[in-house]
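For reference, the structure discussed in these notes is given below.
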Amino acid sequence: MVTEVFTRKYCDPHAVREEKVEASEVIQFAWDGAVREVDACGECFQEHESRMEPLVDYSRPVKKRRVTKKSSASSASSTEDAGNGDDAADDE
């Protein structure tokens, strides 16, 4: 015999006020050096996002953006052209 169990997640901030609101989002926050998660409804999630800045993982180094050779070559040639124009004006 197989039985299915359905569990509902309720919003934790509303549960503190003894209200049962179904949770659809997850709020992440840092506590004692660890990332914790709390179930939340859409309204509480938006309120949290407006008050707090999102968590950033500083354990990984930030990658630098690659510069394509075409863009660096075109910017180098444009600076050379500007330099030649100034030199030509000085010679006259």
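Values reported hereafter were calculated over all heavy atoms of this structure, with side chains retained and with hydrogens, waters and symmetry mates removed.
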How far apart are the closest heavy atoms of Cys44 and Cys11, and which atoms are they? SG-SG, 3.7 Å
With heavy-atom distances below 4.5 Å as the criterion, would you say the side chains of Tyr10 and Val21 are in contact? no
If you define the side chain from C-beta out and look only at heavy atoms, does anything of His14 sit under 4.5 Å from Cys41? yes
Once side chain to side chain donor-acceptor pair (under 3.5 Å) is applied, what residue pairs with a partner in residues 30-52 remain, sequence neighbours excluded?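 Non-adjacent pairs meeting side chain to side chain donor-acceptor pair (under 3.5 Å): Gln28-Glu37.
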Residues two or more places apart in sequence or in another chain: which of them pass side-chain hydrogen bond (donor to acceptor under 3.5 Å, both in side chains) with Glu18?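 Residues passing side-chain hydrogen bond (donor to acceptor under 3.5 Å, both in side chains) with Glu18: none at all.
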Set out, in order, the CA-CA distance, both residues' side-chain angles and the distance that settles side-chain contact (heavy atoms from CB on, under 4.5 Å) for Phe29 and Val35, then state yes or no. CA-CA 6 Å; Phe29 62 95; Val35 175; over 6 Å; no
